[in-house]
Amino acid sequence: MPMIGARVSRAEGEKHRKTLLDRGVLDINFKIAYDGDFIIFPLKEEISGYDLVEYNFLPLEKRKTSIREILSEKIPESYLLKLRAFDAIGNIALIQLSDELISYQKIIGEALLELNPFIKCVFRKDSIEGKYRVPKLELIAGEYTTETVYQEFGVRILLDVSKVYFSPRLSEERKRIASLVKKDETILDMFCGVGPFSLMISKKSNPKKIYAIDINEAAIYYLKKNIALNKTYNIVPIHGDSRKEIKNIENPDRIIMNLPHSSFEFLPDVFSTYKSSIVHLYAVSENINSVKKKIIELSSENNKKIEFITERTVKSYSPNTDIYCIDFAFS
Ligand code: SAM
């Protein structure tokens, strides 16, 4: 249906737009029209002093701002409630979907691309499995690409999401550990992945040396690239099994054990190899006390004294379990 418009010269367009807006007559729900050297502003009502014309203005589409808003007409509400937050790793999004949502994965992926212009592709992430803790991925929207650069607190991390483990959800934890490191400490990062802990410590603290071990060759390949990218040359990348490799490494001041499903299995090796150190041990468990109990048991089996320093819940892992970090000293 034709509406009333105010026709002004293009040269004076901005001046008139402000005037019409100030006087409360500009209808911001419709698109401004262009006609040669003229602009036609959609009006709510007539106004004197303007060349008034009738015009079929196009309505302005309101930009949808949340994923629920975009998907509300396409996916049943009860399913939408199960939609979890996605992880952005550089320009790649990873999202875990419950069984009900898998048949809607394409529209969910496209909605994520629409809302986040910096995201170039979206993968559905299944459970993380195997020795290398690598996720099973399926492309659900955008162009297939798996290598990206992620940034946190000034650290740049190049990685391939299909070949290595990486979680942006541990960034605060990495910052916390780096803040504890004192000048000239020697650090051992026993399950380093592409090096997020080691890189953050090297960049933000002032350690003497960081030994970073991983059994996944691809992780060490990217760690080497990341050392060059961040100029963090006091990191020593080691490809191998920590159980064996630690035997050739000097007694560290601090040990990071971020292999939450099986960190415990490596504690006897740590206790038998080193005299004393501080350990940051990550473990998946139903409660924090059973993690501490296990540490006490293993330390006494290996004739070590334990002093707990701090403990915290890092993130939830499954409906019944969390990932905990226990900081303790042994001697
Ligand atoms: N710390 C890294 C991070 O925060 O991104 C990686 C953590 S990921 C949960 C555990 C890593 O341990 C994987 O990269 C895996 O390849 C490595 N890993 C598993 N068993 C290992 C072993 N026996 N020796 C060394 N690395 C191992």
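All ligand and atom numbering here is 1-based and tracks the order in the structure.
- No side-chain N or O of Asn320 forms a donor-acceptor pair with one of Ser318 less than 3.5 Å apart.
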Less than 3.5 Å apart, which donor and acceptor atoms pair up between the side chains of residues 251-259 and the rest of the protein, not counting sequence neighbours?
from, atom 1, to, atom 2, distance (Å)
Asn251, OD1, Lys275, N, 2.9
Asn251, ND2, Ser276, O, 2.7
Asp253, OD2, Thr186, N, 2.7
Arg254, NE, Glu185, OE1, 2.8
Arg254, NH1, His280, NE2, 3.0
Arg254, NH2, Leu180, O, 3.0
Arg254, NH2, Glu185, OE2, 3.1

Quick one: table the atom pairs, ligand 1 N or O against protein N or O, below 3.5 Å, distance rounded to 0.1 Å.
from, atom 1, to, atom 2, distance (Å)
ligand 1, 1 (N), Phe191, O, 2.8
ligand 1, 1 (N), Asn258, ND2, 3.2
ligand 1, 4 (O), Asn258, ND2, 2.9
ligand 1, 14 (O), Asp214, OD1, 3.4
ligand 1, 14 (O), Asp214, OD2, 2.7
ligand 1, 16 (O), Asp214, OD1, 2.6
ligand 1, 23 (N), Asp241, OD1, 3.0
ligand 1, 24 (N), Ser242, N, 2.9
ligand 1, 26 (N), Ile215, N, 3.1

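- Evaluation of the ring pair (Phe, Tyr, Trp, His ring centres under 6.0 Å) test over residues 147-186, restricted to residues two or more places apart or in two chains, returns Tyr150-Phe166.
- Judged by the 6.0 Å distance and 45° axis criteria, Arg243 is positioned over the aromatic ring of Phe266.
- Judged as a salt bridge (Lys or Arg N to Asp or Glu O under 4.0 Å), not a single pair has a partner in residues 293-305 (not counting sequence neighbours).
- The aromatic rings of Tyr282 and Phe197 sit tilted relative to each other, their planes meeting at an angle between 30° and 60°.
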